[in-house]
*Asks:* 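Can you keep this structure in mind? I'll have questions shortly.
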Amino acid sequence: NQQIQSRLNGSQQSQQQIAYTIPVIVHICYYTNNSTQNINATRVQSQITTLNNDFAGIGVNSSTLPAPFAAVKANSNITFCLAKLDPNNNVLAEPGIERINAQTRGWGNPGTTGWAKTLIDGTIKPATIWDASRYFNFWSLDLGASLLGYAQFPSASGLNGFDCDEGLASSDGVVCHFRAFGR
């Protein structure tokens with residue numbers, strides 16, 4: 001808060017910007033032979049492009065922000081890239097993508113209601129998460145008709161002033177309905 005106020009007051013001298021690149025792994029969870037749930041690499045890349053544009057301050061709606069937000073819009077110097085290596089340093093067949101057949105994992109068919117959040121957070125995420133200190137975990141799966149996605153603050157974020165349940169490190173990341181994933 002002090003740094004933001006200092007910037008708004010114009011009293012902070014320019015500092016060298018540090019750029020961060022965060023490798024992303026997208027866990028695509030699908031039920032056997034469901035090509036709709038098993039999204040393609042082009043959609044995954046379009047999501048990463050959208051995320052990068054938003055974090056650079058040039059996203060789709062960036063020119064129509066309400067005045068209070070437009071005044072603080074900036075490039076965050078954070079770039080997301082599709083991971084090239086898995087946690088064991090093996091080259092991924094599809095950069096940033098892990099395809100997971102839910103039937104072979106015993107998670108059952110999501111049917112028309114999608115997988116329950118309790119199953120996702122209690123079983124799917126802990127069984128598939130990659131080290132959250134090295135990767136940004138993103139899950140694309142069937143959430144049913146009433147939810148587009150959800151996320152939690154990382155357990156070790158140290159952020160104060162948020163009245164929320166941060167959850168466990170084994171579920172850090174973003175969950176997105178496969179229909180809402182990508183541009």
*Asks:* Knowing that exactly one of Thr42, Val44, Asn38 qualifies, which makes a side-chain contact (heavy atoms from CB on, under 4.5 Å) with Asn40?
*Replies:* Thr42
*Asks:* If I compare all heavy atoms of Glu94 with all of Ala41, which pair ends up nearest, and what's the gap?
*Replies:* OE2-CB, 4.1 Å
*Asks:* Could you report the tightest heavy-atom contact between Leu148 and Ala180, atom names first, then the distance?
*Replies:* CD2-CB, 3.9 Å
*Asks:* What closest approach, in Å, do Ile39 and Ser140 show between heavy atoms, and which atom pair accounts for it?
*Replies:* CD1-OG, 3.5 Å
*Asks:* Show the numbers, then the answer: is there a side chain to side chain contact (heavy atoms under 4.5 Å, CB included) between Asn137 and Asp172?
*Replies:* CA-CA 7 Å; Asn137 287 269; Asp172 281 351; 6.0 Å; no
*Asks:* Using only heavy-atom distances, determine whether the side chains of Thr79 and Asn52 contain a donor-acceptor pair under 3.5 Å.
*Replies:* no
*Asks:* Hey, could you give me the CZ/CD1 distance between Arg43 and Ile97, rounded to the nearest 0.5 Å?
*Replies:* 11.5 Å
*Asks:* Taking the side chain as everything from C-beta on, heavy atoms only, tell me whether Arg183 gets closer than 4.5 Å to Val60.
*Replies:* no
*Asks:* Evaluate Cys81 against Ile48 for side chain to side chain contact (heavy atoms under 4.5 Å, CB included), listing each step before the verdict.
*Replies:* CA-CA 7 Å; Cys81 67; Ile48 299 304; 5.9 Å; no
*Asks:* Give the cluster check for Val26 versus Ile100: same hydrophobic cluster or not, with ILVMFWY residues linked at side-chain heavy-atom distances below 4.5 Å.
*Replies:* no
*Asks:* Which atoms form the tightest heavy-atom contact between Asp142 and Gly111, and what is the distance?
*Replies:* OD2-O, 3.8 Å
*Asks:* With heavy-atom distances below 4.5 Å as the criterion, would you say the side chains of Leu141 and Gln37 are in contact?
*Replies:* no
*Asks:* Just wondering, do Val91 and Leu85 contact through their side chains at under 4.5 Å, heavy atoms?
*Replies:* yes
*Asks:* Restricting to non-hydrogen atoms, name the atom on Ser46 and the atom on Gly182 that form the minimum distance, rounded to 0.1 Å.
*Replies:* OG-CA, 3.3 Å
*Asks:* Checking Asn109 against Gln103 for the side chain to side chain contact (heavy atoms under 4.5 Å, CB included) test, could you report, in this order, the C-alpha distance in whole Å, the side-chain angles of both residues, the deciding distance, and whether it holds?
*Replies:* CA-CA 7 Å; Asn109 188 337; Gln103 186 174 12; over 6 Å; no
*Asks:* Could you go through Glu98 and Ile28, starting from their C-alpha distance and side-chain angles, then the distance that decides it, and tell me whether this counts as side chain to side chain contact (heavy atoms under 4.5 Å, CB included)?
*Replies:* CA-CA 6 Å; Glu98 178 188 31; Ile28 301 173; over 6 Å; no
*Asks:* Is there a path of hydrophobic side-chain contacts, each under 4.5 Å between heavy atoms of I/L/V/M/F/W/Y residues, joining Ile120 to Val174?
*Replies:* no
*Asks:* Side chains of Asp86 and Tyr135 only: does a donor on one sit below 3.5 Å from an acceptor on the other?
*Replies:* no
*Asks:* Drop me the distance from Cys176's SG to Tyr150's OH, to the nearest 0.5 angstrom.
*Replies:* 11.5 Å
*Asks:* Does one hydrophobic cluster hold both Phe178 and Val24, with members joined at side-chain heavy-atom distances below 4.5 Å?
*Replies:* yes
*Asks:* Give the C-alpha distance, both sets of side-chain angles, the deciding distance and a yes or no for side chain to side chain donor-acceptor pair (under 3.5 Å) between Trp107 and Thr123.
*Replies:* CA-CA 8 Å; Trp107 299 332; Thr123 302; 5.8 Å; no
*Asks:* Kindly give the heavy-atom pair with the smallest separation between Thr128 and His27, and that separation in Å.
*Replies:* O-CE1, 2.9 Å
*Asks:* Tell me every residue that passes ring pair (Phe, Tyr, Trp, His ring centres under 6.0 Å) with Phe80, counting only those two or more places apart in sequence or in another chain.
*Replies:* Phe55, Phe136
*Asks:* When clusters are formed by joining ILVMFWY residues with side-chain heavy atoms under 4.5 Å apart, either directly or through shared neighbours, do Ile78 and Leu51 land in the same one?
*Replies:* yes
*Asks:* When hydrophobic residues are tied together by side-chain contacts of less than 4.5 Å, even through go-betweens, does Val175 share a cluster with Ile129?
*Replies:* yes
*Asks:* Should we say atom CG of Leu147 is surrounded by more than 12 heavy atoms from elsewhere, each under 6.0 Å from it?
*Replies:* yes
*Asks:* I'd like to check Trp139 versus Cys29 (side-chain heavy atoms, cut-off strictly below 4.5 Å). Are they in contact?
*Replies:* yes
*Asks:* With a cut-off of 6.0 Å (strictly less than), are more than 12 heavy atoms of other residues, nucleotides or ligands near NZ of Lys73?
*Replies:* yes
*Asks:* Are Phe138 and Phe181 close enough that their ring centers fall under 6.0 Å?
*Replies:* yes
